[in-house]
Amino acid sequence: MSTDSAMLSDDNRPATSSPNGHANGKNGTSATEQLSDEEEIPLSQVTRTPYSSAQPPRQKRKRAVYYESSSEDDTPLASSPLKPSSDAVTKPGAINATTVPASLVNGKGKGKAVKEEYTECETPDDAPSKAKVNANGRSKRPARKKAKHDDDDDDDEAVSDSGDSTPPTKKKRAVPRKRKAKEQSEPEPESEDDAPVKKPSIQRATKKVKKEDGGGATSEVDASKPKKRGTKKEKEGKEKGKGKNKKEEEEEEVFRWWEVGGGDGSVKWKTLEHNGVIFPPPYEPLPLDVKMKYDGKEVDLPPASEEVASFYAAMIETDHAQDATFNKNFFDDWKKVLKANPPLNGTNIVSFELCDFSPMFQHFETEKAKKKSLPAAEKKELKKARDDMEAKYTTCLLDGRKEKVGNFRVEPPGLFRGRGEHPKKGALKFRVRPEDITLNIGKDAPIPVPNMPGKWKAIQHDNTVTWLANWTENINNSHKYVFLAAGSSLKGQSDMLKFEKARELKNHVDRIRQNYNTDLRSKVMADRQRATAMYFIDKLALRAGNEKGEDEADTVGCCSLRCEHLTLESPNTIVFDFLGKDSIRYYNQVPVDPQVFKNIRIFKENKEDEDALFDRVNTSSLNKHLTSEMKGLTAKVFRTYNASITFQKLLDEKEEELKNATLQEKLNAYNHANRLVAILCNHQRAAPKTHDQSMEKMRYKYRSLKYERMKMRHALFALDDSYKSDDKYADDESEIDDDWITTHEESMRGKDMEKAEKKFEKDNEKLIEDGKEPHGQSVLDSKIKAIKDEYKRLAKERGTKKAKSNKTAEKLEEAIEKLGQRIKAFKLQMVDRDAGKEVALGTSKINYLDPRITAAWCKTHDVPIEKLFSKTLVTKFPWALEADAYWKF
DNA sequence: TTTGAAACTTAGAAGCGATGAT
DNA sequence: ATCATCGCTTCTAAGTTTCAAA
């Protein structure tokens with residue numbers, strides 16, 4: 001099928017580009033007309049495209065055609081002219097690393113899209129176009145048919161299309177991008193004295209720190225420490241340290257980079273030493289008695305094929321194995337491996353359905369169990385051995401300082417676990433070998449030796465980047481990098497910069513909002529669309545939304561929204577429903593500014609569901625514009641800004657209220673604010689498997705509380721009829737009915753009797769121990785009888801609205817009041833828990849909430865930071881924890 | 001321009017170990 | 001002490017942004 005023209009023909013109108021010139025007709029006039037605000041909104045025109053969550057229709061997508069079809073793996077490689085020669089591209093290293101020849105599995109070389117241009121022929125009056133069509137009838141680029149410039153000219157005279165006011169570019173011309181440098185041993189940054197690297201003093205903002213149990217950390221100060229910050233602490237530390245045994249002398253150097261300044265600029269380090277990466281152990285064939293079956297018979301697989309089979313076998317109980325795409329991709333790739341490494345007993349594996357991997361699966365399960373049941377001491381030993389082995393890879397020397405490395409373990413081979421409807425999920429991910437890996441390391445540093453046979457692909461010394469190693473992965477031909485850990489100075493610095501940039505937005509956001517609000521009425525379509533997109537990004541914290549390719553899951557962000565993703569509901573509500581990053585559904589019904597509502601209606605006019613909503617906007621033009629509004633401003637800064645500012649505001653609102661609150665109440669308030677931000681950013685998680693069950697438990701407890709309350713009310717009535725007319729004691733137990741009460745009482749009765757028996761036994765044991773006479777059976781019997789009688793009485797009471805109690809009316813009133821509070825609180829807790837079951841708080845905490853907000857809040861409310869930040873977060877944000885109580889985002 | 005490589009941040013799932021209930 | 005739960009850590013996929021090459 002290679003690029004069949006067949007496919008081309010089927011739906012090939014220039015799709016996307018809203019054929020009938022939505023907006024452009026001739027960009028000029030018509031655009032102007034269409035943009036007039038006054039027009040009416042024929043509601044009937046409003047498109048409604050309900051589709052249910054997970055599966056957006058995307059037939060049109062296949063028009064891809066312009067790209068090499070990825071499904072043609074089986075066609076002879078070299079043949080198609082459209083196909084880049086795979087040989088040329090295949091990474092040598094990937095081959096037979098794991099014994100699986102890359103060339104076997106990876107039909108095509110780079111999934112590089114070979115694209116043709118589409119010469120548009122419709123709508124002649126349209127802008128000169130070359131709209132590239134693509135996917136869902138959308139083009140790799142949005143199907144915009146015009147180029148912004150065209151608009152300008154034509155689109156209503158005047159209105160100088162802002163489009164190009166050149167943004168204040170920084171003539172800085174930073175150090176040349178490494179791209180070229182990478183070839184290999186880069187030529188060393190040409191003396192570039194002007195390179196903005198001022199890190200003179202930086203060298204020594206180091207302190208020696210001893211770990212103390214007490215949590216206080218600091219101690220003696222490195223002589224060269226520059227600033228005087230934190231002296232007090234140091235002194236204290238010193239004293240304490242004195243008394244303390246020196247043994248723990250494992251003082252770590254703590255580089256207080258945030259006190260030094262500098263750091264920006266493109267040179268990231270002066271010297272860099274590291275030990276490379278760890279490769280996973282080679283494949284170990286299964287014991288001879290563990291064999292998968294094909295058509296009921298055991299198959300004798302050579303190791304290479306067995307390994308791939310085992311990847312799948314380990315997953316047969318997961319959802320992945322239920323997925324058709326996943327299975328197909330796995331099987332296709334596996335067959336290629338099998339072809340080169342056929343079963344030794346001649347089995348010809350052609351049908352996936354006939355494969356039975358369960359013997360392998362069982363084997364893995366027993367192995368797992370074995371490991372688990374190992375004595376603790378042995379487990380510990382194993383772990384120690386592993387840690388020792390890995391130790392040297394966990395850190396590196398950056399400008400002479402020890403820093404933690406993040407992902408020093410090379411990703412093991414396996415089956416690609418793409419999210420959502422990723423067309424390649426299940427495909428075989430090759431074993432990575434030294435030949436695949438490029439190391440980035442200081443010029444004078446010794447070159448590490450790989451822990452498996454082989455030679456590094458290349459060594460480079462590029463100090464303008466932060467990675468230590470990288471390789472190209474075979475599924476999507478993207479790059480994988482080994483970076484420093486989140487707690488390292490390099491990551492910390494850029495993290496801090498990120499938040500500072502977001503804070504800077506505070507000073508510009510009013511103006512920016514004003515501008516885009518004005519532009520919502522712009523007569524230039526491109527501007528109006530951009531303004532509308534900005535409105536969404538700002539208000540709803542949507543992501544920028546780059547275009548995606550054919551061989552990726554169909555997900556969108558702001559700029560790549562399609563008409564089908566928005567539904568209008570008069571008078572001014574927009575319903576968003578689309579799959580965003582990681583194929584997480586974004587569903588939101590929001591009332592919007594009437595002008596935005598109107599705009600969306602206009603943008604959708606004359607377009608198909610699968611056409612781009614913002615056909616004149618893309619992330620690049622959007623960001624270009626944003627940068628012109630504020631230096632360094634991009635779409636994602638809005639997310640950071642809005643998340644943090646919202647969080648700060650929410651916490652501030654509760655400040656007074658929390659003055660005398662308990663610790664738990666404070667934590668709740670914090671988590672509540674955190675949750676609202678997570679919702680804003682649409683951070684979801686799969687509801688815990690046990691959620692329903694635990695909700696059920698809570699509901700039961702809730703009812704039990706209601707039952708108690710009812711009993712007390714009734715007791716009150718029994719004492720004095722007049723309570724019945726008091727609203728305070730009106731029936732409030734709608735969630736419990738007679739049946740439930742019956743069951744509940746029976747269950748309590750059972751429990752009470754059990755309890756009595758247990759107690760009886762225990763008492764007797766005790767008596768015997770003490771050398772006394774145990775109670776006889778009659779004691780228990782009479783207790784049981786008492787319980788039975790009690791429940792008989794309760795049964796009689798049922799429905800009478802009377803109950804017995806030995807409390808006085810006053811006591812009852814009090815107890816009811818208290819119970820009422822408890823019920824309310826519990827109900828809240830339930831609702832909260834249910835509401836939060838699908839909300840992930842972690843992501844915003846790690847990436848979006850300025851940690852200084854939390855640090856300051858903890859100081860204000862006297863909450864230990866450990867209650868809110870896990871150990872990793874504490875080490876990730878050392879620069880933030882010193883913020884004082886008054887610090888505000 | 002447009003495309004896509006490169007580099008870095010953000011993301012949820014899976015794995016794992018601590019902790020609390022029984 | 002054992003088991004279930006839960007929260008944290010690890011893993012790696014999936015985004016964004018920038019810039020050079022075509």
Side-chain angles (χ1 to χ4, degrees), chain A residues 110-115 117 130 132 139-141 147-149 173-174 176-182 266 268 315 318-320 368 372 379 383 406-412 414 416-420 422 424-425 429 440 462 464-467 470 472-473 475-481 483-486 490-491 494-495 498 543-549 552-553 555-560 580-584 618-624 626-627 632-637 639-640 681-686 688-691 693-694 838 840-848 869-873:
Chain A
K110 303 185 118 179
K112 200 168 240 160
V114 174
K115 126 176 248 198
E117 293 201 334
K130 267 167 123 163
K132 315 260 186 52
S139 75
K140 179 68 176 206
R141 298 271 103 197
K148 89 180 341 161
H149 288 316
R173 70 168 235 68
R177 259 275 186 151
K178 40 258 107 214
R179 217 142 285 165
K180 67 281 239 45
K182 86 153 312 81
S266 44
K268 307 295 200 320
M315 300 172 74
T318 68
D319 288 348
H320 291 116
K368 228 188 276 172
K372 212 174 139 195
K379 272 194 239 174
K383 182 168 189 319
N407 52 329
F408 51 85
R409 275 182 279 262
V410 169
E411 294 176 17
F416 176 67
R417 291 152 129 96
R419 314 262 172 92
H422 193 121
K424 293 185 177 175
K425 59 184 166 182
K429 196 168 89 165
N440 191 40
D462 183 352
T464 66
V465 295
T466 67
W467 53 270
N470 88 352
T472 302
E473 148 266 8
I475 305 285
N476 299 301
N477 282 293
S478 67
H479 305 290
K480 298 282 192 167
Y481 295 86
F483 292 115
L484 295 191
L490 278 179
K491 292 288 192 191
S494 73
D495 214 29
K498 171 184 79 184
R543 297 186 183 84
N546 286 301
E547 274 292 317
K548 294 190 72 184
E552 301 174 274
T555 63
V556 299
C558 187
C559 294
S560 48
K581 182 178 180 182
D582 290 309
S583 295
I584 295 294
N618 61 34
T619 55
S620 158
S621 64
L622 175 72
N623 279 337
K624 193 173 163 198
L626 291 176
T627 303
L633 184 63
T634 60
K636 88 189 194 65
V637 177
R639 250 167 100 81
T640 312
C681 295
N682 198 37
H683 291 145
Q684 300 187 19
R685 60 170 181 173
K689 284 195 187 66
T690 53
H691 176 81
Q693 195 186 329
S694 73
E838 295 182 314
L841 301 189
T843 307
S844 49
K845 213 186 253 190
I846 295 169
N847 300 300
Y848 290 103
F869 280 177
S870 65
K871 206 179 93 198
T872 30
L873 285 187

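A quick note: this is a predicted structure, and the numbers were derived from the prediction, not measured.
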(request) Check the distance between B:dC8's C1' and A:N546's CG and give it to me in whole angstrom. (result) 14 Å
(request) Nearest whole angstrom, please: distance from the P of C:dT16 to the CG of A:N618. (result) 12 Å
(message) Looking only at the side chain of A:K636 (C-beta and beyond, no hydrogens), which of the listed nucleotides C:dT12, B:dG12, C:dT17 gets closest?
(response) C:dT17
(message) How about NZ on A:K368, more than 12 heavy atoms from neighbouring residues, nucleotides or ligands closer than 6.0 Å, or not?
(response) no
(message) Does a side-chain N or O of A:H479 approach OP1 or OP2 of B:dA6 to a distance below 4.0 Å, or not?
(response) yes
(request) Please state whether the phosphate of B:dC16, meaning OP1 or OP2, lies under 4.0 angstrom from any side-chain nitrogen or oxygen of A:K383. (result) no
(request) May I ask you to say what A:T466 touches in the nucleic acid, namely base, sugar-phosphate or nothing, with a heavy-atom cut-off under 4.0 Å? (result) sugar-phosphate
(request) Return the value, rounded to whole Å, for the distance between atom CG of A:N407 and atom C1' of B:dA14. (result) 17 Å
(request) May I ask you to evaluate whether A:T619 reaches the phosphate of C:dT17, defined as a side-chain N or O under 4.0 Å from OP1 or OP2? (result) no
(message) If you only use heavy atoms from C-beta on, which nucleotide in B:dA14, B:dA7, C:dT12 is closest to the side chain of A:H320?
(response) B:dA14
(request) Measure the CG-CZ distance between A:N476 and A:F416 for me, rounded to the nearest 0.5 Å. (result) 5.0 Å
(request) Taking only the side-chain nitrogens and oxygens of A:T634, find out if one of them lies under 4.0 Å from OP1 or OP2 of C:dT17. (result) yes
(request) Check whether any side-chain N or O of A:T843 sits under 4.0 Å from OP1 or OP2 of B:dG12, and answer yes or no. (result) yes
(message) Rounded to whole Å, how long is the line connecting atom NZ of A:K491 with atom P of B:dA7?
(response) 12 Å
(request) Between A:S494 and A:T318, just flag the one whose closest nucleotide in DNA chain B comes earlier from the 5' side. (result) A:S494
(request) Report the nucleotide, chosen from C:dT17, C:dT9, B:dA11, that has the shortest atom-to-atom distance to any side-chain atom of A:K871. (result) C:dT9
(request) Please determine, by modelled atom types, if A:E473 and A:S478 share a side-chain donor-acceptor pair under 3.5 angstrom. (result) yes
(request) Give the nucleotide from the list B:dA7, C:dT17, B:dG12 with an atom nearest to the side chain of A:A635. (result) C:dT17
(request) Considering only NZ, NE, NH1 and NH2 on the basic side and carboxylate oxygens on the acidic side, decide whether A:E411 and A:K429 come within less than 4.0 Å. (result) yes
(message) Using a 4.0 Å heavy-atom cut-off, does A:Y848 contact any base of the nucleic acid, only the sugar-phosphate backbone, or nothing at all?
(response) sugar-phosphate
(message) With hydrogens left out and only the distance checked, is there a donor-acceptor pair under 3.5 Å joining A:K581's side chain and the base of B:dT10?
(response) yes
(request) State whether A:K548 places a side-chain N or O below 4.0 Å from either non-bridging phosphate oxygen (OP1 or OP2) of C:dA14. (result) no
(message) With a cut-off of less than 4.0 Å, is there a side-chain N or O of A:Y481 near OP1 or OP2 of C:dT12?
(response) no
(message) Pick the closest DNA chain B nucleotide for A:R543 and for A:R417 by heavy atoms, then say which residue is nearer the 5' end.
(response) A:R543
(request) Could you state the atom-to-atom distance from NE2 of A:H683 to C1' of B:dT10 in whole Å? (result) 7 Å
(request) Report the nucleotide, chosen from B:dC8, B:dT9, B:dG12, that has the shortest atom-to-atom distance to any side-chain atom of A:K498. (result) B:dT9
(request) Mind checking A:I846 for me? I need base, sugar-phosphate or nothing, with any heavy atom below 4.0 Å counting as a touch. (result) nothing
(request) Measure from the side-chain heavy atoms of A:E411 and tell me the nearest of C:dT12, C:dT17, B:dG12. (result) C:dT12
(message) Is the phosphate of B:dA11 approached by A:R639 (side-chain N or O, under 4.0 Å from OP1 or OP2)?
(response) yes
(request) Look at the side chain of A:K425 and the backbone N and O of A:G420, then say whether any donor-acceptor pair between them is shorter than 3.5 Å. (result) yes
(request) Starting at atom NZ of A:K368, determine the distance to atom P of B:dC16, rounded to an integer number of angstrom. (result) 8 Å
(request) Return the nearest nucleotide to the side chain of A:N847; candidates are B:dA5, B:dC8, B:dA11. (result) B:dA11
(message) With nearest nucleotide decided by heavy atoms, which residue, A:R685 or A:F416, maps closer to the 5′ end of DNA chain C?
(response) A:R685
(request) Compare side-chain N and O positions of A:H422 against OP1 and OP2 of C:dA14 and report whether any pair is under 4.0 Å apart. (result) yes
(request) Rounded off to whole Å, could you give me the CD-to-P distance for the A:E552 and B:dG4 pair? (result) 11 Å
(request) Provide, to the nearest angstrom, the distance between the CG atom belonging to A:N470 and the C1' atom belonging to B:dA5. (result) 11 Å
(request) Check the side chains of A:N623 and A:T634 for a donor-acceptor pair under 3.5 angstrom, ignoring hydrogens and angles. (result) no
(request) Return no unless some side-chain N or O of A:R409 is found under 4.0 Å from OP1 or OP2 of C:dC11. (result) yes
(request) Determine the minimum heavy-atom distance between A:T555 and A:S583, stating which atoms define it. (result) CG2-OG, 3.5 Å
(request) Pick base, sugar-phosphate or nothing for A:G418, based on heavy-atom distances below 4.0 Å to the nucleic acid. (result) sugar-phosphate
(message) Under 4.0 Å, heavy atoms only, any strand: does A:G545 hit a base, just the sugar-phosphate, or nothing?
(response) sugar-phosphate
(request) For the residue pair A:K268 and A:L490, establish whether any side-chain heavy-atom pair is separated by less than 4.5 Å. (result) yes
(request) Would you please confirm or rule out a distance under 4.0 Å between OP1 or OP2 of C:dG15 and any side-chain N or O of A:T555? (result) yes
(message) Under 4.0 Å, counting only non-hydrogen atoms across every strand here, what does A:D582 touch: a base, just sugar-phosphate, or nothing?
(response) sugar-phosphate
